[in-house]
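This report concerns only the one structure given below.
Below, chains carry the letters A, B, ... as their sequence lines are ordered, and counting in each starts from 1. The structure displayed is predicted, hence computed values, not measured ones.
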Amino acid sequence: MSLPIVQPAEIWQKSGRWSVYGAEMWRIRDRHNREFCLGPTHEEIITMQIKQGIRSYKQLPQRPYQIATKFRDERRPRFGLMRGREFMMKDMYSFDRNEEGLETSYQLLYQAYGNIFSRCGLNFRPVEAASGAIGGSGSHEFMALAESGEAEILFCNQCDYAASVEIASVPVRAEKYSGPLAQVEIVATPNCQTVEEVAAFLGQPTSQVVKSMCYHLEDGLALVLIRGDRQINEEKLSAVLGMGELNFATDEEMRAAGLVPGYIGPVGVKNIKIIADNEVPLVANQITGAGQEGYHKTGVNYGRDYQADILTDLRIVEAGEQCPHCSGTLQSARGIEVGQVFKLHTKYSDALGCSYLDENGKEQPMVMGCYGIGVGRTMAAVIEQNNDEYGIIWPVAVAPYEAVIVPVNDKDPVFTEKSEELYQAMLKAKIEVVLDDRKERGGVKFNDADLIGYPFRVTVGNKTKNDGLVEIKIRATGEVIDLPIEEAAAFLKEKIAAAK
RNA sequence: CGGGAUGUAGCGCAGUUUGGUAGCGCACCUGCUUUGGGAGCAGGGGGUCGCAGGUUCGAAUCCUGUCAUCCCGACCA
């Protein structure tokens, strides 16, 4: 299919994403001042499309796909093809009758994606992932392992647990404190604003401090609490808050709400939603901001002195922690996210009224999934993992051309003629081949062939003229094979098929 | 959004500290030679220094503003 890039605001408002998607969505207006966006993804549009065309359970499942340009006003585009504001994506959507159908589609696509990335020659790993702005529940990302990757993944050294750091979660393991509870005291902490400074000043570990961070909500502020030695996982927090994009409250906003920046604490705050990480109640005799310039409170205890409105998992899990599934230890690696699969369930079909009639003539919402591959980014990842000092080493399956013919020069007409003959023979054999007939010296062409990374190079030169031989060089291994020119096409055809 | 850097010939850069109207490599043009791993020699063309304003006898160079690009960070109150 080819779905529209320019999409009306209306369907995004219906799905609720017009507000959730935030600044990343490229919004435009037409001459009548009506709102549109440049599609960052296509769930809404495809759902409307299917809604109009599919009525019966007999027509399900449907799994349409397209390869198209997406637009996202990225907060920081970088590294060329890795993260651009405009990029090519292969996106597929599945529409099934029920959850079992979705499960089947999801497994099929999960398998297919693994096959695709394997054929691309990638060293990758599927990991449990957050579904972010796409929504739904249940998602996996396919991570090409690379130091330059922007994403961090955690995986167990014993079992097969692997997850994006955005979603990785481990059970709360801290012991419940059963000693005496201290009384709240207000202590002067001059010039101590950061957790490290306060902890050092009071001679306590940072895990005794409870950090309070103030975020901006659509209406008002939220105070987010976490143990001093932990870090907030904004992906988890934004899911809890239902906000696509998180922003800290400004100093002015905090002051207006009666908070003192740098010395915020949860005790005694009013009209502000308090959201605490699961570990917070387990810290006995906490150190928190005192709500006044230059002071902190000690001996603060959860439950007695304050209470959170929401208690949930908010923290980033770090390498070295225990695996949530076994007794193994989590290790971390960096990866390039080349693909992701999501179970959307009925999020969009409910919102947009995409339903079908079942065997009993009863209306049912379609159960959806969606599946994306970053095409340009995948190519970038392939190159990242397949190169040497001379250039790219394309895996055959994704090489722009499978082979190049290099006539060593164009002075002797024999080279040109033989090259053209071979070129025709290879085309006939359905080999994707380039004839490098530029007026360049052999050395230039050889170096360019290495740089561009054709898997196979065929040289037509003196050996061809004198003995009827061509030289085939395999880019990946450097192996060189001489054989009669008549046999070259068949030989390569076989090699290419084997490599695919 | 915060921080840092850069904008000079088609491309990559030097020159800016100590103002005196621009230089190198590659590419390009001409000729001769060379031709299986980025050719050699000789000759030649091309820029007003991101943009705007200011200081000065004189600005790529100093000052102010502005635009663009790239890099780093994005939290912990």
Side-chain angles (χ1 to χ4, degrees), chain A residues 22-24 73-80 82-84 148 150 189 191-199 206-207 209-216 221-238 245-255 257-266 269 272 276-277 280 287-296 314-316 389-391 405-412 415-416 419 436 438-452 457-466 469-471 473 478 480 482:
Chain A
E24 228 158 75
D73 190 357
E74 291 283 346
R75 122 203 272 202
R76 173 136 119 83
R78 60 179 127 183
F79 309 143
M82 283 295 193
R83 181 174 297 280
S148 65
E150 295 186 279
T189 50
N191 302 320
C192 297
Q193 292 209 343
T194 68
V195 167
E196 286 71 25
E197 287 165 355
V198 173
T206 53
S207 57
V209 180
V210 168
K211 290 189 282 198
S212 305
M213 281 151 292
C214 194
Y215 284 86
H216 202 98
L221 303 176
L223 199 59
V224 178
L225 308 181
I226 194 165
R227 223 170 76 179
D229 58 334
R230 304 298 198 192
Q231 307 208 1
I232 289 279
N233 181 325
E234 291 205 337
E235 194 66 35
K236 292 178 183 175
L237 180 58
S238 72
E245 193 178 1
L246 291 175
N247 283 304
F248 287 107
T250 63
D251 283 9
E252 292 69 39
E253 286 169 324
M254 286 188 271
R255 290 216 166 77
L259 301 173
V260 182
Y263 298 93
I264 300 176
V269 302
I272 295 178
D277 178 68
V280 168
I287 300 162
T288 71
Q292 46 181 302
E293 194 82 33
Y295 290 88
H296 279 77
L314 292 176
R315 76 181 182 89
I316 290 179
E389 57 183 309
Y390 302 107
I405 300 169
V406 178
V408 97
N409 68 52
D410 61 1
K411 293 297 174 281
D412 191 329
F415 299 152
T416 316
S419 294
D436 189 350
R438 293 176 300 164
K439 295 189 190 318
E440 292 286 356
R441 332 177 102 225
V444 173
K445 296 184 187 180
F446 291 146
N447 282 305
D448 279 348
D450 287 345
L451 182 66
I452 292 168
R457 188 190 79 199
V458 188
T459 305
V460 174
N462 291 328
K463 283 186 275 194
T464 316
K465 186 177 178 182
N466 301 331
L469 298 176
V470 291
E471 174 188 292
K473 185 168 184 185
V480 174
D482 287 333

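- Side-chain atoms of A:K465 never come within 3.5 Å of backbone atoms of A:F415 as a donor-acceptor pair (strictly under, hydrogens ignored).
- Taking CG of A:L237 as the start and CD1 of A:I226 as the end, the distance is 9.0 Å to the nearest 0.5 Å.
- Rounded to whole Å, the separation between the P atoms of B:G23 and B:G47 comes to 12 Å.
- For the pair A:P266 and A:T288, the tightest heavy-atom approach, listed with the atom from each and the gap, is CD-CB, 3.8 Å.
- The partner of B:U64 is B:A52, judged by Watson-Crick or G-U wobble contacts that both fall below 3.5 Å.
- The pairing partner recorded for B:C13 is B:G23, the criterion being a Watson-Crick or G-U wobble arrangement whose two distances lie under 3.5 angstrom.
- Nucleotides B:U66 and B:G58 place their P atoms 26 Å apart, quoted to the nearest Å.
- To the nearest whole angstrom, the two C1' atoms, one in B:G50 and one in B:U6, are 11 Å apart.
- Residue A:I264 holds its CD1 atom at 8.0 Å from CD1 of A:I272, rounded to the nearest 0.5 Å.
- In this structure, the side chain of A:D450 does not engage the main chain of A:G391 through any donor-acceptor pair within 3.5 Å.
- Counting to the nearest Å, the C1' atom of B:C75 and the NZ atom of A:K236 are 15 Å from each other.
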task: Indicate for each nucleotide in nucleotides 33-42 of chain B, in 5' to 3' sequence, whether protein heavy atoms under 4.0 Å reach the base (B), only the sugar-phosphate (S), or nothing (-).
output: -BBBBBB---
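- With a cut-off of 3.5 Å on both Watson-Crick or G-U wobble distances, the partner of B:U18 is given as none.
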task: Classify every nucleotide of nucleotides 67-74 of chain B by which part a protein heavy atom approaches to under 4.0 Å, writing B for the base, S for the sugar-phosphate alone and - for neither, in 5'-to-3' order.
output: ----SBBB
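- Distance check on atom P: B:A52 versus B:C57 gives 23 Å, rounded to whole Å.
- The base-pairing partner of B:G43, taking Watson-Crick or G-U wobble contacts with both distances under 3.5 Å, is B:C29.
- Look at the C1' atom in both B:G38 and B:A27: the space between them is 13 Å, to the nearest Å.
- Counting any heavy atom pair closer than 4.0 Å across all strands shown, A:Y263 reaches sugar-phosphate atoms only and no base atom.
- Using Watson-Crick or G-U wobble geometry with both donor-acceptor distances under 3.5 Å, B:A5 finds its partner in B:U69.
- Here the CG atom belonging to A:L225 is positioned 8.5 Å from the CD1 atom belonging to A:I232, to the nearest 0.5 angstrom.
- Between A:L223 and A:S212, the shortest heavy-atom distance links the atoms CD1-CB, 4.1 Å.
- Comparing the C1' positions of B:A42 and B:G36 gives a spacing of 28 Å, expressed to the nearest Å.
- Residue contacts shown for A:I232 include a base, since a base heavy atom lies under 4.0 Å away.
- For the atom pair A:T464 OG1 and A:L469 CG, the distance stands at 7.5 Å (nearest 0.5 Å).
- B:G36 is unpaired under the Watson-Crick or G-U wobble criterion, no partner having all donor-acceptor distances under 3.5 Å.
- No donor-acceptor distance shorter than 3.5 angstrom exists from the side chain of A:K463 to the backbone of A:E471, with no hydrogens or angles considered.
- One interatomic measurement links the two molecules: CD of A:E196 to C1' of B:A77, which rounds to 12 Å at whole-angstrom precision.
- Nucleotides B:A14 and B:U8 have their C1' atoms positioned 10 Å apart, rounded to a whole Å.
- What you find for A:T459 and A:F446 is that their closest heavy atoms are OG1-CE2, 3.7 Å.
- Taking atom P in both B:C72 and B:C63, one finds a spacing of 29 Å when rounded to whole Å.
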